[in-house]
Amino acid sequence: MSVKILYFASLADRASCSEESVDTQSTTANSIYEEACLRHGFPSGIDKLRVAVNGSFVSWEFEVNDGDEIVFIPPVSGG
Amino acid sequence: MSVKILYFASLADRASCSEESVDTQSTTANSIYEEACLRHGFPSGIDKLRVAVNGSFVSWEFEVNDGDEIVFIPPVSGG
Amino acid sequence: MSLFRLSAEAIDLETERHAIDHPAAGAFVAFEGCVRDHNDGRRVLALDYQAYARLAEAEGARIVQAAIERYELHRAAAVHRVGSLVIGDVAVWVGVSASHRGAAFNACRWIIDQIKADVPIWKNEHYADGDSGWLHPDGSVVSGSIE
Amino acid sequence: MSLFRLSAEAIDLETERHAIDHPAAGAFVAFEGCVRDHNDGRRVLALDYQAYARLAEAEGARIVQAAIERYELHRAAAVHRVGSLVIGDVAVWVGVSASHRGAAFNACRWIIDQIKADVPIWKNEHYADGDSGWLHPDGSVVSGSIE
């Protein structure tokens, strides 16, 4: 299946992109993040991040579907 | 001696005036309030009021001087 | 700008806001107390504020200065209306600026609490039923003050 | 008016203030978070905010709605800037109106605390020494994010 991953802040800097489309056999948010770590060398484990799918926070065990928008959320610093 | 007394809020309503000049033999804020109670029938004792002389809060035992401005302060309700 | 003043005119919020500008301030908190259309279950039409101006200005300035020191504020100011107000009018404005939001919220709250407790200003509410009355600090009407 | 929105333009405080007008409200509290000239001992020149807009708007609205219910507010609204800001610019505005000041202060504080903890917005500070960095929630720079 194919998913779209968006990157923000320190993750976008490290990935040198804000968005990528990925063909993957992985089915959970967790395993898709592990694949992204292999590609981009992100320093943070999932204990430091949250994950959103299609605009809602979900658990790392969330089952991803073809066409989903996945975002790994670094610690926020608004305000 | 002569002192000026200002009245506000419920005390002004009861005294039917906002200001009066009084010739008095009394020397403390407390005794000047007692005289005012006799003239105007104020319902409140000094436990419900504060007193200011010349623009500063003082104790009821404060010694008043000729020409002083005395104000009996009902519970405030600003804001 | 003065730390505290009484105003017989409507309070201009934009003008007041600039009194607390400061380049090192990250947090600005402002409180507006406005005339509500009801109090204690009665419909309010309008109200008057009366102040002992000489003492009110001194006490108000003392409170704002104390807050600046106690909460390490960059700026703080407060304005209280006197005279006749209608529903929705701003009766009191308090603004503070601080480096961080905790101090700003606490200081703004402290200033309005102190103003309400200490500054010699009195509110006379006019009710829809024709009554009016000077208010106690808890919002109840002073016994015997109903005209 | 929306409960929460992201703005690429300067926040107009007077316009936002009217979003929380209500005739039964006696207490209005507003918070402005502004760009400070320093952070953690370093001189700041400017900063950028980046947001995951889709989730930020949903989370922001959820927080403001929760505050309205939890604190029995008459109105509440919040706006957060995105894009490039300079010293003194308003980065975030939160306004609430309530019958009484206790609820208004507590709710305004709660909303900004929740926004800072939950809403996916990130600040990148540009320092006078030429560095820049994405910030952690505690204001420290994310390790490895210095360019």
Side-chain angles (χ1 to χ4, degrees), chain B residues 3-22 28-30 32-34 36-79, chain C residues 4 6 31-36 39-40 47-63 78-82 85 90-94 109 111-125 132-147:
Chain B
V3 297
K4 184 165 78 170
I5 307 179
L6 306 186
Y7 297 112
F8 292 95
S10 53
L11 294 183
D13 286 355
R14 184 60 72 112
S16 298
C17 70
S18 60
E19 178 175 341
E20 62 183 352
S21 287
V22 174
T28 65
N30 191 352
I32 289 170
Y33 182 68
E34 284 172 12
C37 283
L38 292 178
R39 286 195 302 280
H40 301 301
F42 294 143
S44 296
I46 62 170
D47 56 316
K48 301 273 197 258
L49 306 174
R50 287 185 292 174
V51 60
V53 172
N54 299 332
S56 297
F57 284 119
V58 296
S59 76
W60 285 103
E61 290 71 43
F62 187 86
E63 297 273 338
V64 174
N65 291 304
D66 186 57
D68 280 353
E69 176 181 283
I70 302 172
V71 186
F72 307 117
I73 311 281
V76 301
S77 51
Chain C
F4 179 91
L6 297 171
F31 171 81
E32 296 165 35
C34 294
V35 180
R36 287 187 298 153
N39 182 34
D40 209 15
L47 55 75
D48 302 308
Y49 281 103
Q50 198 175 77
Y52 175 28
R54 178 183 185 179
L55 180 57
E57 287 168 351
E59 282 293 296
R62 179 188 63 72
I63 289 165
V79 185
H80 201 296
R81 278 294 310 276
V82 291
L85 283 73
V90 179
V92 57
W93 176 89
V94 179
R109 176 75 197 260
I111 290 171
I112 185 61
D113 285 353
Q114 295 290 314
I115 287 173
K116 289 178 80 95
D118 266 345
V119 176
I121 299 173
W122 298 273
K123 174 159 59 178
N124 193 357
E125 289 187 343
S132 72
W134 294 102
L135 296 193
H136 278 308
D138 65 1
S140 66
V141 172
V142 176
S143 169
S145 79
I146 303 291
E147 291 160 1

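Residue numbering restarts at 1 for every chain, and letters A, B, ... go by the order of the sequence lines. Because the structure is predicted, anything quoted here is derived from the model rather than measured.
Only the side chain of C/Glu59 comes within less than 4.5 Å of a heavy atom of chain B; its backbone N, CA, C and O stay farther away. Residue C/Ala78: no heavy atom, backbone or side chain, is found under 4.5 Å from chain B. When heavy atoms are compared at a cutoff of 4.5 Å, C/Ala56 does not approach chain B at all.
Looking at C/Val94 and C/Ile115, their side chains come closer than 4.5 Å, going by heavy atoms from C-beta outward. When side chains are defined from C-beta on, B/Val51 does not count as touching B/Val71, because their heavy atoms never get closer than 4.5 Å. Between C/Ile121 and C/Leu6, the closest side-chain pair of non-hydrogen atoms falls below 4.5 Å.
Considering only residues two or more places apart in sequence or on other chains, C/Trp93 meets the ring-ring contact (aromatic ring centres under 6.0 Å, His included) condition with none of them. Contacts of C/Asp118 classified as salt bridge (Lys or Arg N to Asp or Glu O under 4.0 Å), with partners at least two apart in sequence or in another chain: B/Arg50, C/Arg62. Residues that satisfy the side chain to side chain donor-acceptor pair (under 3.5 Å) test with B/Glu20, not counting sequence neighbours, are B/Tyr7, B/Arg39, B/His40.
The aromatic rings of C/Tyr49 and C/His80 lie perpendicular to each other, with more than 60° between the two planes, well past the 30° mark.
Each of C/Ala58, C/Gly33, C/Pro120 has some count of heavy-atom pairs under 4.5 Å with chain B, and the biggest count is that of C/Pro120.
Within residues 53-64 of chain B, the residues having any heavy atom less than 4.5 Å from a heavy atom of chain C are, in residue-number order, B/Asn54, B/Gly55, B/Ser56, B/Phe57.
Under the ring pair (Phe, Tyr, Trp, His ring centres under 6.0 Å) test applied with B/Phe72, the options B/Phe42, B/Phe8, B/Tyr33 reduce to a single match, B/Tyr33.
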